[in-house]
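In what follows, every heavy atom counts, from backbone to side chain, and hydrogens, waters and symmetry copies are set aside.
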Amino acid sequence: KIYGLNKRDFIIVMVTIGSTLFLGIDFGVAFGVLASIILFIQRAAKPHYSILGRVVGDQSIADSTAPIYRNIKMYPSNTEKRGDMLMMRWDAPIFFANTASFKSRVKKHIGRFLEENSYPKPWCLCLCFSGVNDVDFTGLEMLEAFFSELQEKEHGMTLVLCKLKTQVLNALTKGEVISPHCVPKEHVLWEIHEAEKWLTRSEEHT
């Protein structure tokens with residue numbers, strides 16, 4: 001039954017039981033904890049993320065005061081993507097185990113977005129960090145270098161961060177990810193729809 005509900009828990013239980021039977025309870029507990037840590041890091045190395053679109057099909061939602069954004073892969077029939085904004089939500093802490101995954105996935109979807117929309121021309125990369133609870137030192141170093149690289153190489157791109165939790169906002173500020181030379185404070189917004197309004201105003205003034 002455990003295997004059907006959660007394969008990760010099943011593996012941990014089997015490792016713990018097997019180690020206990022053959023090596024004793026102390027080794028069983030130790031190997032069980034070790035297996036749990038390894039599987040956690042393995043899963044965290046490639047966490048869930050979503051490319052977002054504005055809900056347009058459900059009128060009760062689409063006509064509400066604040067727009068709703070959902071995973072376009074899960075809701076392809078009632079979400080709409082903008083041709084001048086790539087919206088991506090990362091659903092995990094950013095730490096040493098998944099920095100490479102973060103970079104590769106962002107780059108992959110930037111490439112797809114530019115190909116689909118025949119760029120370069122002015123466009124916006126909006127990263128939603130609502131699912132990010134923490135960023136470690138390795139993550140901060142990666143974000144600072146990666147964001148600076150993107151803004152240097154991706155011509156016409158404006159990077160916007162939104163829905164940052166207080167602890168993440170503080171960490172990015174202290175780590176100088178949010179700074180004049182990387183991501184300016186005015187490019188940090190609370191909600192995705194604010195990023196859309198900000199981009200629309202910017203386009204009107206150009």
Side-chain angles (χ1 to χ4, degrees), residues 46-94 98-99 101-133 135 139 142-144 146-166 168-169 172 177-178 182-206:
K46 293 185 177 180
H48 183 266
Y49 72 99
S50 305
I51 302 301
L52 303 177
R54 180 200 285 255
V55 173
V56 293
D58 187 336
Q59 288 304 115
S60 62
I61 294 177
D63 293 340
S64 62
T65 303
I68 303 296
Y69 299 86
R70 287 180 174 167
N71 186 341
I72 61 171
K73 199 171 185 178
M74 298 291 292
Y75 301 92
S77 61
N78 65 342
T79 51
E80 180 179 74
K81 295 189 294 182
R82 284 183 66 139
D84 57 357
M85 177 181 279
L86 172 60
M87 295 179 279
M88 183 174 179
R89 185 182 68 221
W90 188 256
D91 294 322
I94 299 175
N98 63 24
T99 53
S101 175
F102 179 89
K103 289 175 63 175
S104 65
R105 291 178 176 188
V106 172
K107 284 183 175 180
K108 178 180 75 174
H109 285 285
I110 285 177
R112 288 182 180 177
F113 175 82
L114 297 180
E115 186 177 348
E116 289 173 1
N117 294 284
S118 302
Y119 278 76
K121 52 189 173 184
W123 65 282
C124 179
L125 171 62
C126 177
L127 296 178
C128 175
F129 277 7
S130 61
V132 179
N133 293 317
V135 183
M142 179 277 294
L143 289 176
E144 182 181 12
F146 183 49
F147 288 166
S148 297
E149 174 193 339
L150 284 179
Q151 299 194 87
E152 180 182 342
K153 293 183 177 179
E154 298 296 341
H155 300 297
M157 185 201 80
T158 299
L159 174 61
V160 172
L161 305 179
C162 67
K163 297 182 79 71
L164 274 67
K165 295 178 180 178
T166 302
V168 175
L169 177 62
L172 295 187
V177 177
I178 298 174
C182 192
V183 181
K185 286 183 179 180
E186 57 268 26
H187 290 184
V188 178
L189 303 170
W190 291 114
E191 301 291 343
I192 298 176
H193 69 267
E194 291 179 5
E196 285 206 88
K197 290 179 180 177
W198 177 87
L199 180 60
T200 301
R201 288 196 301 267
S202 298
E203 290 174 342
E204 289 173 351
H205 293 144
T206 57

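- Looking at Leu125 and Glu154, their side chains never come closer than 4.5 Å, going by heavy atoms from C-beta outward.
- By the 4.5 Å heavy-atom criterion applied to side chains, Leu159 and Phe147 are counted as neighbours.
- No side-chain heavy atom of Ile192 sits under 4.5 Å from any side-chain heavy atom of Arg54.
- Among residues two or more places apart in sequence or in another chain, the side chain to side chain contact (heavy atoms under 4.5 Å, CB included) test is passed with Pro184 by Glu186, His187.
- In this structure the side chain of Ser130 reaches within 4.5 angstrom of the side chain of Arg89, judged on heavy atoms.
- Contacts of Asn71 classified as side chain to side chain contact (heavy atoms under 4.5 Å, CB included), with partners at least two apart in sequence or in another chain: His48, Ser50, Lys73, Met74.
- Contact of the Ile94 side chain with the Met142 side chain is registered, since non-hydrogen atoms from C-beta on lie closer than 4.5 Å.
- Under a cut-off of 6.0 angstrom, the local environment of NZ in Lys165 is crowded, with over 12 non-hydrogen atoms contributed by other residues, nucleotides or ligands.
- Here the closest heavy-atom approach between residue Lys81 and residue Glu116 is recorded as NZ-OE1, 3.3 Å.
- Proximity of a side-chain donor or acceptor of Asp84 to a complementary backbone N or O of Pro122 within less than 3.5 Å is not detected.
- Looking at Leu164, Val188, Val135 one by one, the single match for side chain to side chain contact (heavy atoms under 4.5 Å, CB included) with Phe129 turns out to be Leu164.
- Proximity of Leu127 to Phe102: side-chain heavy atoms (C-beta onward) are separated by under 4.5 Å at one or more points.
- Pairing each heavy atom of Cys128 with each of Leu52, the nearest pair is CB-CD1, 4.4 Å.
- Considering only heavy atoms from C-beta on, Trp198 comes within 4.5 Å of Thr158 through its side chain.
- Salt-bridge formation is detected for the pair Lys107/Glu149: a Lys NZ or Arg NE/NH1/NH2 atom is positioned less than 4.0 Å from an Asp or Glu carboxylate oxygen.
- Using a 4.5 Å cut-off on side-chain heavy atoms (C-beta onward), Val55 and Tyr75 make no contact.
- Looking at every heavy atom in both residues, Lys108 comes nearest to Tyr49 through NZ-OH, 3.4 Å.
- Shortest non-hydrogen contact noted between Val132 and Val168 is O-CG2, 3.3 Å.
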